[in-house]
S.K.: 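Starting off with a structure, shown below.
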Amino acid sequence: MGKERAARQETRQNQSTATGVRRSPFEILGGSAWLQLALIALVGLLAYSNTFHAPFVIDDEGSITENPVIKNLASFLFDGTGYRYNPRRFIGYLTFALNYSMGGVEVTGYHIFNTAVHLLNGAFVFLLVRLTQQTPFLKTTEEAEGADRGIAPGTLAPLIAALLFVAHPIQTQAITYVVQRFASLATLFYLASLTCYILARLRQNSGGGARGRIVVWYLGALLCALLAMKTKEIAFTLPLTVALYEFSFFGTPSRKRLLLLLPLAAPLLVVPLGLMQSGKPLGDLLGEMDRLARETTSIARGDYLLTQFSVIVTYLRLLLLPVGQNLDYDYPVFHTLFAPRVFFSLLLLVALAGTGVYLYRRSSRAPLQRLAGFGIFWFFITLSVESSVIPIRDVIFEHRVYLPSVGIFCAAAALLAPLLARLAPRAAAAAVGVVVLALAVSTWQRNLVWGSAVSLWQDCAEKAPGKARPHNNLAIALLAAGRNDEAAAELKTALKLDPGNVEALRNLGAAYEKTGGVEQAISQYRAALQGNPDNKYAHYNLAVAYSKQGKTDQARSELQLALKVDPEYPDAHNNLGVLYANQGLMKEAIAEFSLAVKYDPRSAEGHKNLGFALGMNGKQEEGMAELRTAADLQPENPEIYNSMGIIYANEGRFRDAASAFEKAVQLSPQEQKYLNNLYHAKAQGG
C-alpha cells in the first residue's frame with residue numbers, strides 16, 4: 001500500500017509540473033472553483049446586505065461630505081487638487097471623487113463600492129491559497145489520505161480561508177465604515193500584486209511559459225503594488241511579504257530571483273521622491289519625513305509599542321471570539337513592560353511567533369503547515385506599520401486588522417483542512433457551514449448597529465462610558481434626530497469627562513440653539529473658540545446665532561473668520577452671500593454664492609441661492625440654469641420652484657410662474673406663501 005500511495009503521489013507531482021503551472025489562472029480555477037467563488041460572493045453579499053443605507057459617520061464627514069477636494073472631479077484630476085490634498089492616499093480619494101461625481105452624498109453608492117471591494121478581496125484570498133498549492137513546495141499537498149477518505153485538503157483550504165475572510169464580523173469596520181475603504185482597497189491591490197507575482201513565478205518555474213506573459217504578470221504586480229502604496233501606508237510591507245513568500249514556497253532565492261524582487265520595492269521610493277520634488281528646504285523635508293513616522297506627539301514611541309502588545313492580543317481575541325466589538329475603544333496607554341497585561345501579551349505573541357517557526361520546521365512532513373506558518377508571519381508583518389513604533393492617536397481600531405487577518409485565516413484554513421478532509425464530505429461541509437453561518441449572522445447583526453448614527457454611538461457610549469468622544473458623537477446623532485434634550489444630557493456627560501472638549505462645547509451650543517436658547521448657545525460657541533480660535537465650525541455656528549439676533553455685522557465678521565481658517569468652506573460662503581443679499585449687495589452676494597457652488601458643486605442650496613440672485617439681478621437665463629441644477633440635485637425642495645416662480649413673475653411670464661408655484665404647492669401644500677404666490681400668478685396671467 002505504501003508503494004502504491006507513493007506512486008500515486010509521484011504521478012500527481014508530474015502532472016502538476018507538466019500541466020498545472022502552465023495553465024492560465026482561469027484554467028487553474030476550473031469549473032468547481034467558480035462555484036466556490038460564487039458561494040464566497042453570496043456569503044459576503046448576504047452578510048453585508050443590510051449596510052447599503054448605513055449613514056456617514058465621524059471621519060466620513062471630513063473626508064467625504066465636507067471635503068471640497070472630492071466634489072469637483074475635473075479639478076481633482078487635472079488641476080492636481082487631489083494629489084496635493086493627500087498624495088500618499090491619492091487613489092483612495094480618487095474613488096471617493098468618482099463616487100461623489102456619480103451620486104453626491106447618497107450613501108448607497110459608497111457602500112456598493114466597499115462591498116464589491118470586500119467580495120473581490122475574498123476572491124483573491126481564495127486564489128492566493130489555490131495558487132500557493134501550485135508552487136514547488138506545496139504541489140503535492142493533496143495527499144492520498146484526504147483523497148481516499150473525504151474531500152482533499154487542497155480543495156478545502158482555499159474555500160475555508162476565503163469564507164472565513166468574507167464572513168467574519170471583525171471586517172465590518174473596514175467595509176461598513178465608508179472612509180475605511182482605504183484599508184480594504186489597499187488590501188485589494190496588495191493581494192492583486194502578490195497574486196500577479198505568483199502567476200509570473202509559476203510560469204517561470206514551469207520553464208514553459210512564454211517570456212512575454214511572464215513580463216506581463218510582473219508588470220501587473222508592480223502596477224498593483226504602486227496602487228496599493230498610493231492608497232494606504234500599510235502597503236509598504238508588500239516587498240517583505242513577497243520576499244517571504246518566495247523563500248517559503250519557491251525556495252531560497254538566487255541572486256537572479258532577488259533582482260526580480262527589487263522592482264516591487266521601487267514604489268517605496270514614491271513618498272521620499274515626491275517630497276524631494278516639492279522644492280522644500282532640507283530641514284523641512286526632514287520634518288515631513290518625521291511627521292510621516294508619527295501621527296501624534298502625545299504618545300511616546302516606546303509607550304505606543306508597549307500598548308500595541310496588548311492591542312495585538314485584543315485583535316487575536318476578536319478573530320477567535322468576535323464579541324464586544326466597538327468602533328471607539330477606551331483603551332489604556334501603558335508605560336511599562338511589567339504591567340501584567342503588557343507582559344503576558346508579549347509572552348503570548350512570542351509563543352505565536354514561535355509556533356510559526358515550529359510550523360515551518362514541521363512542514364517537510366506536512367506541507368500545508370508551511371502555509372500556516374506563512375500566515376502567522378503575514379499577520380505580524382502586515383500589522384507592523386500601525387502596531388509598532390509609529391504612534392497613532394487612537395491606539396486601536398478594528399479596521400487595522402483587515403489585511404493582517406488574511407494571514408490568520410490562511411493559517412486556520414491550512415491547519416483545519418487536513419482535519420476536515422478525514423471526515424465524510426457531508427460532515428466536513430456541515431462543519432464549515434456551521435462556523436461560516438455563525439460568523440455571517442454575527443456580521444449581519446453587527447451591521448445592524450451601523451444602521452443609524454444613534455444606534456452606533458449608543459453602542460460605543462455603552463461600551464466606553466468613561467470616554468468623552470462617544471458621548472459627544474452620540475449627541476450629534478441625537479441632535480440630527482431632533483432629540484435635543486437627550487443630546488444636551490450626553491454633551492454634559494462628555495464635558496464632565498473632558499471639560500475642555502471644544503467639540504462638546506460647540507455642540508452643546510447647537511443643542512441650546514435648537515431649543516431657543518440663543519444666548520446660551522452664543523456663550524458655548526465663545527467658550528469653544530477660547531479653546532480653539534481656529535475652529536471654523538464654531539465661527540460658523542456663532543455667525544448663525546448672531547444672524548438670528550439681527551446682529552448682521554457680527555455674523556459677517558464670524559463668517560469671514562471661518563473663511564480665513566478655511567477659504568474653501570462652502571457653507572460659510574453661502575451664508576455670507578445670504579447676508580449680502582439681505583443688505584442689497586447683490587454683486588457681493590453672487591460672488592459668494594458662486595464660490596459656494598465652486599467648492600461644493602452638488603450643493604442644492606448654493607445653486608438655488610445663486611440662481612435666485614442672478615435671476616433677480618437681470619440675468620434670468622443664467623439664474624434659471626442654476627435653479628434647474630438645484631432642482632436636479634434636490635427635486636423635493638419646494639423653495640427651488642418658488643424661486644423659479646418669482647423670477648418668471650418678475651419677467652411677466654405669469655403662466656410659467658404659476659406652473660412653478662403649483663409644483664411648490666404640490667410639494668408643500670400647507671405653506672401659505674406658495675399658495676399666495678400661485679393665486680397672484682394666476683390672477684396676473686388671466
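Note that the structure is predicted; figures quoted are calculated from it, not measured. Along the sequence shown, residues carry numbers from 1.
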S.K.: Would a distance-only check, ignoring hydrogens and angles, find a side-chain to backbone donor-acceptor pair under 3.5 Å from R483 to A475?
M.R.: no
S.K.: Which is it for Q549 and E519 under the side-chain hydrogen bond (donor to acceptor under 3.5 Å, both in side chains) test, yes or no, and what are the steps along the way?
M.R.: CA-CA 9 Å; Q549 292 184 326; E519 283 295 338; 2.6 Å; yes
S.K.: So, S455 versus S452: side-chain donor-acceptor pair below 3.5 Å or not?
M.R.: yes
S.K.: Would you say the side-chain atoms of S75 and T81 include a donor-acceptor pair closer than 3.5 Å?
M.R.: yes
S.K.: Using side-chain heavy atoms (C-beta onward) and a distance below 4.5 Å, is K232 in contact with E386?
M.R.: yes
S.K.: Do L316 and L352 make a side-chain contact, defined as non-hydrogen atoms from C-beta onward lying under 4.5 Å apart?
M.R.: yes
S.K.: Would you please say whether a donor-acceptor pair under 3.5 Å links the side chains of N501 and N472?
M.R.: no
S.K.: Using 0.5 Å steps for rounding, measure from the CG atom of L319 to the CD1 atom of I170.
M.R.: 4.0 Å
S.K.: For Y569 and E66, what are the C-alpha separation, side-chain angles and deciding distance, and is it a side-chain hydrogen bond (donor to acceptor under 3.5 Å, both in side chains)?
M.R.: CA-CA 8 Å; Y569 188 7; E66 296 177 2; over 6 Å; no
S.K.: Over all heavy atoms of both residues, which pair between G92 and L185 is shortest? Give the atoms and the distance, please.
M.R.: CA-CD2, 4.2 Å
S.K.: Can N72 and R602 be counted as having a side-chain donor-acceptor contact under 3.5 angstrom?
M.R.: no
S.K.: Given H539, which of D534, L563, L561, D566 fulfils the side chain to side chain contact (heavy atoms under 4.5 Å, CB included) condition?
M.R.: L561
S.K.: Charged N to carboxylate O under 4.0 angstrom, R469 versus D394?
M.R.: yes
S.K.: Does some side-chain heavy atom of F96 sit less than 4.5 Å from a side-chain heavy atom of V179?
M.R.: yes
S.K.: Tell me, please, which residues at least two apart from K463 pass salt bridge (Lys or Arg N to Asp or Glu O under 4.0 Å).
M.R.: D459
S.K.: Got I234 and T382 here, is their nearest side-chain heavy-atom distance under 4.5 Å?
M.R.: no
S.K.: With side chain to side chain contact (heavy atoms under 4.5 Å, CB included) as the test, pick out the partner of V43 among L437, L119, L163.
M.R.: L163
S.K.: Test salt bridge (Lys or Arg N to Asp or Glu O under 4.0 Å) on K564 and E558; report intermediate values, then the result.
M.R.: CA-CA 10 Å; K564 185 177 180 181; E558 291 299 327; over 6 Å; no
S.K.: So does E233 pair up with R88, basic N to acidic O under 4.0 Å?
M.R.: yes
S.K.: Can you tell me how far CD of E490 sits from CG of D485, rounded to the nearest 0.5 angstrom?
M.R.: 12.5 Å
S.K.: Could you tell me the separation between the CG atom of D330 and the SG atom of C460, rounded to the nearest 0.5 Å?
M.R.: 11.5 Å
S.K.: Could you walk me through whether N99 and R181 pass the side-chain hydrogen bond (donor to acceptor under 3.5 Å, both in side chains) test, one step at a time?
M.R.: CA-CA 12 Å; N99 264 135; R181 170 184 304 178; 2.8 Å; yes
S.K.: Looking at E568 and K598, does any basic side-chain N land under 4.0 Å from a carboxylate oxygen?
M.R.: no
S.K.: Just by distance, no angles: are the side chains of Y537 and D571 close enough, under 3.5 Å, to form a donor-acceptor pair?
M.R.: no
S.K.: Given ring-ring contact (aromatic ring centres under 6.0 Å, His included), test Y599 with H573 step by step and report yes or no.
M.R.: CA-CA 9 Å; Y599 297 128; H573 282 295; 5.7 Å; yes
S.K.: Any side-chain donor-acceptor pair under 3.5 Å between N535 and E503?
M.R.: yes
S.K.: Verify the distance criterion only: is there a donor paired with an acceptor across the side chains of T95 and Y110 at less than 3.5 Å?
M.R.: no
S.K.: Just by distance, no angles: are the side chains of S405 and Q171 close enough, under 3.5 Å, to form a donor-acceptor pair?
M.R.: yes
S.K.: Hey, are N484 and T515 close enough side-chain-wise for a donor-acceptor pair under 3.5 Å?
M.R.: no
S.K.: Under 3.5 Å, is there a donor-acceptor pair between the side chain of H111 and the main chain of A54?
M.R.: yes
S.K.: Is the cationic atom of K230 (NZ for Lys, CZ for Arg) positioned less than 6.0 Å from the six-membered ring centroid of F90 and within 45 degrees of its normal?
M.R.: no
S.K.: Using a 4.5 Å cut-off on heavy atoms from C-beta on, say whether the side chain of V401 contacts that of L318.
M.R.: no
S.K.: Taking the side chain as C-beta and beyond, is there a heavy-atom pair between D59 and Y177 under 4.5 Å?
M.R.: yes
S.K.: Kindly indicate whether the side chain of T65, heavy atoms from C-beta on, has any atom under 4.5 Å from the side chain of E61.
M.R.: yes
S.K.: Verify whether one side chain among H118 and Y402 offers a donor that lies under 3.5 Å from an acceptor in the other.
M.R.: yes
S.K.: Between Y315 and S387, is a side-chain hydrogen bond (donor to acceptor under 3.5 Å, both in side chains) present by the stated rule, with each step listed?
M.R.: CA-CA 11 Å; Y315 290 149; S387 290; 4.8 Å; no
S.K.: Please report the shortest heavy-atom distance between N114 and A174, naming the atom on each side.
M.R.: ND2-O, 4.4 Å
S.K.: Could you measure the distance from the OH atom of Y540 to the CG atom of N575? Nearest 0.5 Å is fine.
M.R.: 3.5 Å
S.K.: Verify, without hydrogens or angle tests, whether N67 (side chain) and S63 (backbone) share a donor-acceptor contact under 3.5 angstrom.
M.R.: yes
S.K.: If every non-hydrogen atom of S547 is compared with every non-hydrogen atom of A555, which pair is closest and at what distance?
M.R.: OG-CB, 3.4 Å
S.K.: Would you confirm whether S184, through its side chain, and I175, through its main-chain N or O, come within 3.5 Å as a donor-acceptor pair?
M.R.: no
S.K.: For A528 and A538, which heavy atoms make the closest approach, and how far apart are they?
M.R.: CB-CB, 4.3 Å
S.K.: Testing the basics here: between C410 and V125, what is the closest heavy-atom pair and its distance to 0.1 Å?
M.R.: SG-CG1, 4.4 Å
S.K.: How long is the span from the CD atom in Q180 to the OG1 atom in T172, to the nearest 0.5 Å?
M.R.: 11.5 Å
S.K.: Is the cationic atom of R89 (NZ for Lys, CZ for Arg) positioned less than 6.0 Å from the six-membered ring centroid of F182 and within 45 degrees of its normal?
M.R.: yes
S.K.: Run Y190 and W378 through ring-ring contact (aromatic ring centres under 6.0 Å, His included) and show every step you take.
M.R.: CA-CA 12 Å; Y190 197 107; W378 170 298; 5.6 Å; yes
S.K.: Quick one: closest heavy-atom pair of L73 and S101, and the distance?
M.R.: CD2-OG, 3.9 Å
S.K.: Find out whether V333 and Y304 are in side-chain contact, i.e. whether some heavy atom of one side chain is under 4.5 Å from a heavy atom of the other.
M.R.: no
S.K.: Look at the rings of Y85 and Y93 and say which category their plane angle falls in: under 30° parallel, 30 to 60° tilted, over 60° perpendicular.
M.R.: perpendicular
S.K.: Side chains of S310 and Y331: do they bring a donor and an acceptor to under 3.5 Å?
M.R.: yes
S.K.: With no hydrogens and no angle check, is any side-chain donor or acceptor of N447 less than 3.5 Å from a backbone partner on T443?
M.R.: yes
S.K.: Spell out, as yes or no, whether a donor-acceptor pair under 3.5 Å connects the side chain of S384 to the backbone of I381.
M.R.: yes
S.K.: Measure the spacing between CZ of R506 and CG of N532 and express it to the nearest 0.5 Å.
M.R.: 10.5 Å
S.K.: Got a donor-acceptor contact below 3.5 angstrom from the E592 side chain to the V578 backbone?
M.R.: no
S.K.: If we ignore hydrogens and angles and just use 3.5 Å, is the side chain of K467 paired with the main-chain N or O of Y329 as donor and acceptor?
M.R.: yes
S.K.: Does one side chain, of S603 or E605, offer a donor that lies under 3.5 Å from an acceptor on the other?
M.R.: no
